[in-house]
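Everything on this sheet refers to the single structure shown next.
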Number of protein chains: 2
Amino acid sequence: MSAPTIRLLLADDQALVRGALAALLSLEPDLEVVAEVGSGDEVLPAVLEHRPDVALLDVEMPGMDGIAATALVRAKAPRTRVLIVTTFGRPGFLRRALQAGAYGFVVKDTPAAELADAVRKVHRGLRVVDPQLATDSLVAGESPLTPRETEVLRAARDGSTVATIAKRLFLSEGTVRNHLSAAIGKTGAATRAEAVLTAEGNGWL
Amino acid sequence: MSAPTIRLLLADDQALVRGALAALLSLEPDLEVVAEVGSGDEVLPAVLEHRPDVALLDVEMPGMDGIAATALVRAKAPRTRVLIVTTFGRPGFLRRALQAGAYGFVVKDTPAAELADAVRKVHRGLRVVDPQLATDSLVAGESPLTPRETEVLRAARDGSTVATIAKRLFLSEGTVRNHLSAAIGKTGAATRAEAVLTAEGNGWL
DNA sequence: CGCTGACCCTGACAGATGTCATCCGCGTGT
DNA sequence: ACACGCGGATGACATCTGTCAGGGTCAGCG
């Protein structure tokens with residue numbers, strides 16, 4: 001009797017990318033794609049139903065992001081190992097993904113031939129992390145922003161004025177300006193727009 | 001003698017996505033991936049060497065974006081038809097891609113099964129464009145921004161101060177403020193950060 | 001229990017932003 | 001030849017941003 005195949009679940013909101021990844025992985029005789037979902041909140045139900053050995057999750061998905069979905073899978077279906085497959089190799093994403101229980105973290109710059117190997121390693125319980133990304137993650141460190149500063153900076157992402165943010169968060173304009181100023185200082189930026197980019201780049205937002 | 005296969009070139013800076021798309025398209029007996037490149041400036045040399053019938057180009061690539069590469073292919077290798085395959089279905093991208101000579105425009109939300117059909121249609125000389133995207137493109141219209149306004153707004157993308165932008169573009173701060181103000185007005189935004197997001201969303205930047 | 005530090009909140013103020021008025025050069029139409 | 005409109009440039013000024021000083025609350029520690 002032949003060795004059993006590794007059962008896979010794919011989660012990516014881009015149908016074309018998801019279908020292409022399924023085609024790529026199905027070329028391997030020992031890998032079998034048993035489910036595909038397009039949003040984060042479909043991940044756990046599909047994992048519970050199909051019992052994949054490895055779940056390949058994108059990070060940015062509607063309904064729930066892949067990192068939150070990873071935490072759910074670890075809590076409710078610990079035999080399923082998670083491999084994050086994402087466009088943005090942000091050090092903050094890596095740290096949060098590992099903390100949430102992901103076994104591996106692959107960015108879409110990776111050669112296609114390496115994905116199957118990454119899946120097999122994760123299935124065997126090994127960690128798969130790009131060394132450069134791990135280094136960047138250690139260098140960037142945890143976010144220096146307080147929860148409120150993070151919230152105010154996130155609210156500033158879309159270019160809103162202080163008055164608009166104040167209304168949205170039920171704060172005075174002075175409070176909003178102070179939090180923004182603190183966030184600007186902590187990220188080493190000159191403006192709030194730059195602070196947003198820096199925090200996003202470091203995975204702090 | 002069997003019908004000849006459709007020769008394809010793939011261009012996407014993400015190796016994993018490119019490899020996966022190659023795997024997906026190679027499942028079709030009448031399609032053959034003859035070349036893969038990872039940057040925009042490799043597209044034309046590869047097209048001239050491999051003579052693909054259809055070139056599938058991403059938009060955002062290093063070296064040269066896929067729309068500029070499309071224009072080059074039309075000029076230098078008119079028998080190769082271009083199909084844009086991109087993450088962001090921006091109406092501005094669609095318009096510029098068609099104007100540059102692309103035969104089709106597919107976003108990565110498209111079901112994987114439709115990609116091969118899109119390739120076949122493009123090969124036959126048919127247009128492949130998402131109707132919703134075409135509508136959005138007509139609604140958004142051409143950019144109302146002057147070349148200088150576009151340049152100044154683009155320089156403001158990274159959150160730079162007016163003084164920094166003035167130095168970078170060799171203008172006075174008053175001039176920069178005036179162009180930014182005009183761009184804010186034309187995009188209907190309240191701040192420059194919002195104007196940047198609006199212009200990007202409409203494909204004007 | 002008192003002290004300390006972190007976090008959150010607020011308003012005053014100097015400096016930056018965005019609006020407005022104005023001018024110049026160039027291309028187009030009459 | 002002239003008038004007009006457009007794009008680009010500039011500075012004055014009202015408004016907004018970011019910094020700073022100050023106060024309140026709460027958890028942790030001695």
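Quick note: numbers below take in every heavy atom, side chains included, and nothing from hydrogens, waters or symmetry partners. Letters A, B, ... mirror the listed sequences (proteins, then strands); counts begin at 1.
- In terms of phosphate contacts, R177(A) brings no side-chain nitrogen or oxygen within less than 4.0 Å of OP1 or OP2 of dT19(D).
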ask   = What does nucleotides 23-29 of chain C look like as a protein-contact string, B for base, S for sugar-phosphate only, - for none, at under 4.0 angstrom between heavy atoms?
value = -------
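- Residue pairs meeting the salt bridge (Lys or Arg N to Asp or Glu O under 4.0 Å) criterion with at least one partner in residues 37-59 of chain A, sequence neighbours excluded, are D58(A)-K108(A).
- Going from atom CG of L169(B) over to atom P of dG8(D) covers 12 Å, rounded to whole Å.
- For the pair L180(A) CG and dT10(C) P, the interatomic distance rounds to 14 Å; values are reported in whole Å.
- Taking a 6.0 Å sphere around NZ of K121(B), one finds it holds 12 or fewer heavy atoms contributed by other residues, nucleotides or ligands.
- S160(B) contributes no side-chain N or O that, together with a main-chain N or O of I165(B), makes up a donor-acceptor pair within less than 3.5 Å.
- Between S172(B) and dA9(D) there is no side-chain polar atom (N or O) within less than 4.0 angstrom of OP1 or OP2.
- A donor-acceptor contact shorter than 3.5 Å links the side chain of R127(A) to the backbone of A102(A).
- For E60(B), the salt bridge (Lys or Arg N to Asp or Glu O under 4.0 Å) partners two or more places apart in sequence, or in a different chain, are R90(B).
- At distances below 3.5 Å, not a single donor-acceptor pair connects side-chain atoms of R192(A) with backbone N or O atoms of A156(A).
- As rounded to whole Å, 13 Å separates atom P of dA12(D) from atom CD of E173(B).
- Heavy-atom nearest nucleotides on DNA chain D were determined for T191(B) and for F170(B), and the one closer to the 5' end corresponds to F170(B).
- Every salt bridge (Lys or Arg N to Asp or Glu O under 4.0 Å) that R157(B) has, sequence neighbours left out, goes to E200(B).
- Judged purely by atom type and a 3.5 angstrom limit, D130(B) uses its side chain to pair as donor or acceptor with the backbone of Q132(B).
- Within 4.0 Å (heavy atoms only), S181(B) reaches at least one base atom of the nucleic acid.
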Are any protein N/O atoms closer than 3.5 Å to N/O atoms in nucleotides 25-28 of chain D? If there are, list each pair with its distance.
none

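- Residue I184(B) places its side chain closer to dT19(C) than to any other of dT19(C), dG18(D), dT10(D).
- Panel note: side chain T110(B), backbone L16(A); no donor-acceptor pair is recorded below 3.5 Å.
- E194(A) contributes a side-chain N or O that, together with a main-chain N or O of A190(A), makes up a donor-acceptor pair within less than 3.5 Å.
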Could you go over nucleotides 5-8 of chain C and give all protein N or O partners under 3.5 Å, atom names and distances?
from, atom 1, to, atom 2, distance (Å)
dC8(C), OP1, R148(A), N, 3.4
dC8(C), OP2, T146(A), OG1, 2.5

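- Within the 3.5 Å criterion, the main-chain N or O of R177(A) finds no donor-acceptor partner in the side chain of S181(A).
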